[in-house]
There are 4 protein chains.
Amino acid sequence: MIITVASFKGGVGKTTTAIHLAAFLQGQAKTLLIDADPNRSALSWAQRGELPFPVVDEWQVDQLHNHYHHVVIDTQARPTQADLATLVSHCHLLVLPTTPDILALDALVLTVNHLQQLPAPQYQILLTAIPPHPSRAGDEVRSLLQSAHLPTFARGIRRYAAFQKAAQAGVPVYGIQDPKAEAAWQDYKAVGQEILTRLHP
Amino acid sequence: MIITVASFKGGVGKTTTAIHLAAFLQGQAKTLLIDADPNRSALSWAQRGELPFPVVDEWQVDQLHNHYHHVVIDTQARPTQADLATLVSHCHLLVLPTTPDILALDALVLTVNHLQQLPAPQYQILLTAIPPHPSRAGDEVRSLLQSAHLPTFARGIRRYAAFQKAAQAGVPVYGIQDPKAEAAWQDYKAVGQEILTRLHP
Amino acid sequence: MIITVASFKGGVGKTTTAIHLAAFLQGQAKTLLIDADPNRSALSWAQRGELPFPVVDEWQVDQLHNHYHHVVIDTQARPTQADLATLVSHCHLLVLPTTPDILALDALVLTVNHLQQLPAPQYQILLTAIPPHPSRAGDEVRSLLQSAHLPTFARGIRRYAAFQKAAQAGVPVYGIQDPKAEAAWQDYKAVGQEILTRLHP
Amino acid sequence: MIITVASFKGGVGKTTTAIHLAAFLQGQAKTLLIDADPNRSALSWAQRGELPFPVVDEWQVDQLHNHYHHVVIDTQARPTQADLATLVSHCHLLVLPTTPDILALDALVLTVNHLQQLPAPQYQILLTAIPPHPSRAGDEVRSLLQSAHLPTFARGIRRYAAFQKAAQAGVPVYGIQDPKAEAAWQDYKAVGQEILTRLHP
DNA sequence: TGAGTTAGAATGGCACCACCCGTC
DNA sequence: GACGGGTGGTGCCATTCTAACTCA
């Protein structure tokens, strides 16, 4: 199973999402994370600590990826139209993380417009960095997306300082000392479940 | 005076910074904002409401920019090394917004490394989206940057929902109804002052 | 029903206990609190704000107390042996608040020794200001008291800043703005229940 | 030098203060602690373990106290006006421990009112059982006392479980095994220093 | 090898702040 | 429109338990 994570805009938790989806899938079967983002964020995350799956850059892929059951790809931000077509055609699901704010939604709309010109694109939008109650930004954006009939994960990822600590420590969020680490990990586990039920009903 | 805003990573408040620095400079003299980001975030911000200065894309620049005293340029994310050289050589100050988190700092280091290979680059780092007390992420990252002798604005921009509302309303942050709108605007005004005293001591 | 609150040692929550037991009983029937402590703590508590029952000093009692169903008496600290005998013989239950520390227990032992020389004294010990987990001071002292066959309330009162705020505001603890106000009140409600089931089985 | 410790209200650390001031003074010269509190808390403290100075009750005083350079007296709680006059006139300094809460302050005000009717009373207020950060109860009460021009020790005594352990073990706080024992002892040492500089400038 | 010492995990109370939603 | 209640995230501290580590 190949999961690609992409977004037009940076800073929306693309790398965090790739890492934690890979961590979830690793719980099911051998998983590989390919860091195709020129910033090499996922690689430096892995370098600072230890992740339960290997992380490689896109040049090391050929000799490896048929040893793995699942592959998660962290792509560069702002893919071109052509890039998008390639991405979509080579994966089972394209995950589009976005924060619940106007600027990110703007960029999301551009991406989706491009996607919908492709034949039967498999993609799903993931709301990330959702601010805590009483902000309703998360709910508002979700219902907005749903009313636009855009495929969105039912579960979103809340904004927790635990994710920052995890990035700093170089581990998945469940590996750090934080009162909200468990809740943060549950969010990604729920999203991982949604992916599994979508692709293997 | 030409101010360029750039960053390797998206989602760090690049567009917000460009808009509010332009709003500040407009208070001194006629100012133009050039939106050179392919996402056209600044343009869509302007389109949703009204900004006190004109916003144009990079193709409309030639016939305009000598009518203006100040020009702020919102560049695309992830400029190449060559792009950076061009940006730096054509402006009086390069502003590098960054959020106080590891992933953004990673990208910042790449940018700065590139910059320091250029002759006498004029740039300054701006901390944005600083989480509220009791988080000390802002202070920690600032002292980290200072201990690395990187030029950093003394004032940072705090994370306020008011900025989201401003983006949605298409106005600068002082133009919206929000208890923290004033504080948010003060942050950018202080940064604008720092720029003025740096460039016109 | 007449409840007397007494202790050899001050600072163990005697006044707080008297006030909150009266507040609980007021929920059942008309209740009067008599402040017989020379420090007049209960009266000054009532004066700072508003309590749901009247508070009077011991000189105002005669003309009043037959209008009330329940009477709670806050006595002075360090009653003499003779005082104790009088107290016990004129109430249905003597409540002895004590904090879970050695110095308070010392004083408690003196009180209890005196009490046990009286015929069939009705009294029960209430643990107050119990420090939070992981301190086990509360549990340790409770089992110590039980192993000495001293009648002790099953529920203790935990140490919460909410009680201080309540004293300052002049209201019962449920009347203030504090995240732990509800838990604090539940403690006293449970103790009140224990009293009711003891006296009206 | 004769130091008397008194308070209208119990449970504010009167005995703990007397013991630790005596322990401090013992470091300067031979010191005697007179336990005049009917609860005999200091005596039972001494009995449970070993203190570096003798503790006697008020009946054993006559034949002893001229052998000692310093004498600390732990008085009973709630002295009458007459008691207070006697206490003040027979000591060099009256130390009034109080916890930073409204009920204790109430009692303190009564004491101070009585004191100020005496000629040139030498007394100083000591804040005890100060709750830890982030509570600011200690600071608030101290500035309140200072704004009322009441003589207050600059250093307060923080609330530490170490004091309970010390009482249980029958030793001064520095004699027990506890991570905060040293900090607790420093608090009293600082207060002792303040006394010395006040009385022997 | 055993005992004392220290380092870290876990827990809970607390204050602060940002945010939304009522009321006045 | 300002103000207060309510909610939730975050950091900090005190405390205890456990585990590792040192020293005799």
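Each chain gets a letter, A, B and so on, in the order the sequences are listed, and its residues count up from 1.
Of all nucleotides listed (F:dA14, E:dC19, E:dG13), E:dC19 comes nearest to the side chain of B:Y160. The nucleotide whose nearest atom lies closest to any side-chain atom of D:A161 is, among F:dT15, F:dG5, F:dG9, F:dT15. Closest to the side chain of C:H133, out of F:dT10, E:dG12, E:dC20, is E:dG12. Looking at the side chain of D:P134, the nearest of the listed nucleotides E:dG13, E:dT5, E:dC20 is E:dG13.
Of the N and O atoms on the side chains of C:Q186 and C:E182, at least one donor lies less than 3.5 Å from an acceptor on the other residue.
Rounded to whole angstrom, the span from the CD atom of C:E182 across to the P atom of E:dC14 amounts to 15 Å. Put simply, NZ on D:K165 is 13 Å from P on F:dA14, counting in whole angstrom units. At whole-Å resolution of the value, CD in D:E140 and C1' in E:dC16 are 13 Å apart. Residue C:R136 contributes atom CZ, which lies 13 Å from atom C1' of F:dT18 at whole-angstrom precision. For C:I176 and E:dC14, the CD1 to P distance is 10 Å, given to the nearest whole Å. For A:Q177 and F:dG11, the CD to P distance is 13 Å, given to the nearest whole Å. Rounded to an integer number of Å, the gap from B:R159 CZ to E:dC19 C1' is 11 Å. As a whole-Å value, the separation of D:D178 CG from F:dT16 C1' is 10 Å.
For C:K180 and E:dC14, the shortest distance from a side-chain N or O to OP1 or OP2 is not below 4.0 Å.
Of the inter-residue distances, the one linking D:Q168 atom CD with C:L103 atom CG reads 10.0 Å to the nearest 0.5 angstrom.
A heavy-atom distance below 4.5 Å is not found between the side chains of C:V173 and C:Y160. Using a 4.5 Å heavy-atom cutoff, the side chains of D:Y188 and D:I19 are not in contact.
Two residues, A:R158 and D:P132, neighbour DNA chain F, and the one matched to the more 5' nucleotide by heavy-atom proximity is A:R158.
Between B:R48 and A:D106, at least one side-chain nitrogen of the basic residue sits less than 4.0 Å from a carboxylate oxygen of the acidic one, meeting the salt-bridge criterion.
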